[in-house]
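Worth knowing before you read on, the calculation uses all heavy atoms, side chains too, and leaves out hydrogens, waters and symmetry mates. A quick note: this is a predicted structure, and the numbers were derived from the prediction, not measured.
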Amino acid sequence: MLFDVDDSFSMMISFILGLVYIPLLLAIARSLGLYAIVKECEAQVFTLFGKVIGTLTEPGLRFPLGYFGLKALLVPFFGKRYRVSTSLRQHYLRDQMVNSEEGTPMGVGIWYEMRVSDPVAYLFRNANPDASLQANVASSTISTLSNLEMDKMLEDRHQLSRRVRATVSPLSEQWGYQLGSVYIRKVAFTDRQMVNNITDKVVKRLVQVTSAMKQDGDNRVGLIKSETAFKVSQQMAEAAATRPEIVGAALNAIAGQDPEVLDAVMNVMETEQLIHSGATVEVLPANSEILVQL
């Protein structure tokens with residue numbers, strides 16, 4: 001029973017010592033350059049005596065001895081290891097001042113994305129590559145958009161964005177950057193009075209266009225009404241011209257069959273015409289010769 005207790009106690013001590021010494025030994029091995037852990041979207045640049053001996057870009061557990069040879073053991077003492085993030089980064093530059101062809105001051109906002117493609121060039125070819133890239137994008141935007149027509153500046157932003165990217169990309173590649181998308185997101189007027197004037201002009205133009213559309217609609221409606229009235233009157237005139245012919249043909253047919261019926265019809269038509277004419281009709285008895293003489 002005593003042997004079991006001592007054995008358990010020694011195993012516990014060994015476990016505790018392992019928890020303490022194993023991380024310590026790993027840290028010493030890492031500090032001596034025996035292995036390196038490369039993270040995702042990261043590059044590690046190794047220098048010795050001020051010169052670059054190599055770069056690790058693949059993520060995971062890496063052993064510099066297998067890549068750089070025995071020189072990797074001298075890096076912790078006579079060199080340096082740089083960690084460079086290669087993840088995609090985005091920037092937005094606000095209110096870049098440009099002047100249109102008409103002399104209008106305008107503020108331009110440009111958005112761009114980039115990532116480090118060459119860690120060595122990023123570290124050693126430019127002391128401040130981020131600020132240099134921003135200055136390059138800003139200057140290229142100003143030079144590309146200045147003295148352009150206002151309409152083109154407001155409408156052709158996709159084409160202008162491609163021109164800015166084509167101008168910036170060669171120099172950014174020299175600094176170790178790979179430039180991604182570049183897009184002009186905002187073009188705004190900086191003079192408030194000019195904005196008010198443009199707003200007034202737009203409102204007046206809308207009112208003018210609305211009035212012209214309304215007048216054109218009224219003209220079209222009037223034209224349709226006049227054409228309709230002309231067609232209706234034409235049809236009515238044709239119908240009125242056809243009526244006497246039809247009535248005459250009917251009366252001729254009646255006269256050929258029964259003259260008495262024709263006389264009765266003629267009397268009815270004559271009476272109807274007298275009634276519609278509004279003339280004064282005096283009715284006298286049959287035996288009233290004195291009244292007739294009077």
Side-chain angles (χ1 to χ4, degrees), residues 14-94 109-141 158 161-185:
S14 300
F15 178 74
I16 294 173
L17 292 176
L19 290 178
V20 174
Y21 283 106
I22 289 177
L24 182 60
L25 292 175
L26 292 175
I28 293 173
R30 186 169 60 251
S31 64
L32 293 176
L34 297 179
Y35 75 94
I37 298 177
V38 182
K39 300 179 181 179
E40 290 284 346
C41 298
E42 182 186 67
Q44 296 185 7
V45 180
F46 294 82
T47 61
L48 181 63
F49 300 114
K51 294 183 178 180
V52 178
I53 63 173
T55 304
L56 296 178
T57 57
E58 292 294 329
L61 181 64
R62 296 289 176 261
F63 298 96
L65 284 172
Y67 292 92
F68 315 128
L70 295 177
K71 293 186 293 184
L73 298 177
L74 300 177
V75 172
F77 305 100
F78 305 103
K80 190 175 181 180
R81 181 177 61 174
Y82 297 90
R83 297 177 182 269
V84 179
S85 175
T86 58
S87 60
L88 187 67
R89 287 177 281 178
Q90 300 175 348
H91 291 279
Y92 182 56
L93 301 179
R94 301 177 182 272
I110 184 166
W111 171 87
Y112 67 96
E113 60 183 13
M114 49 78 177
R115 59 181 295 272
V116 176
S117 59
D118 189 349
V120 177
Y122 172 78
L123 289 172
F124 302 112
R125 287 193 180 180
N126 195 319
N128 191 352
D130 292 337
S132 299
L133 181 61
Q134 290 185 14
N136 191 16
V137 172
S139 61
S140 299
T141 302
H158 297 285
S161 299
R162 289 193 293 268
R163 288 175 56 183
V164 172
R165 185 182 186 277
T167 305
V168 177
S169 291
L171 190 57
S172 65
E173 291 176 357
Q174 296 180 10
W175 297 336
Y177 280 118
Q178 181 183 1
L179 197 63
S181 299
V182 177
Y183 186 66
I184 299 173
R185 294 185 59 184

Shortest non-hydrogen contact between [X] and [Y], atoms and distance:
{"X": "Ala36", "Y": "Phe46", "result": "CB-CZ, 4.5 Å"}
{"X": "Pro170", "Y": "Ala166", "result": "CD-O, 3.3 Å"}
{"X": "Arg125", "Y": "Gln174", "result": "CD-O, 3.1 Å"}

Atom CZ of Arg94: over 12 foreign heavy atoms under 6.0 Å: no
Other residues, nucleotides, ligands: >12 heavy atoms within 6.0 Å of Glu40 CD: no
Within the side chain of [X], is there an N or O that forms a donor-acceptor pair under 3.5 Å with the backbone of [Y]?
{"X": "Ser172", "Y": "Ser169", "result": "yes"}
{"X": "Gln44", "Y": "Lys39", "result": "no"}
{"X": "Thr47", "Y": "Lys80", "result": "yes"}

Side-chain donor/acceptor pairs under 3.5 Å, residues 51-76, sequence neighbours excluded:
residue	atom	partner	partner atom	Å
Arg62	NE	Tyr67	OH	3.4
Arg62	NH2	Pro59	O	3.1

Atom pair CG (Asn126) and CG (Leu133), whose distance is rounded to the nearest 0.5 Å: 9.5 Å
Inter-residue atom distance Arg165.CZ - Ile184.CD1, 0.5 Å rounding: 14.0 Å
Ignoring hydrogens and angles, write down the donor-acceptor pairs under 3.5 Å from the side chains of residues 112-122, residues two or more places apart or on other chains.
residue	atom	partner	partner atom	Å
Glu113	OE2	Ser181	N	3.4
Glu113	OE2	Ser181	OG	3.3
Arg115	NH1	Gln178	OE1	3.1
Ser117	OG	Gly176	O	3.3
Asp118	OD1	Val120	N	3.3

Geometric class of the Phe78/Phe49 ring pair [parallel <30°, tilted 30-60°, perpendicular >60°]: parallel
Residue pair Ile110, Val164: steps toward the side-chain contact (heavy atoms from CB on, under 4.5 Å) verdict: CA-CA 10 Å; Ile110 184 166; Val164 172; 3.8 Å; yes
Contact check, side chains of Val182 and Val168, non-hydrogen atoms, under 4.5 Å: no
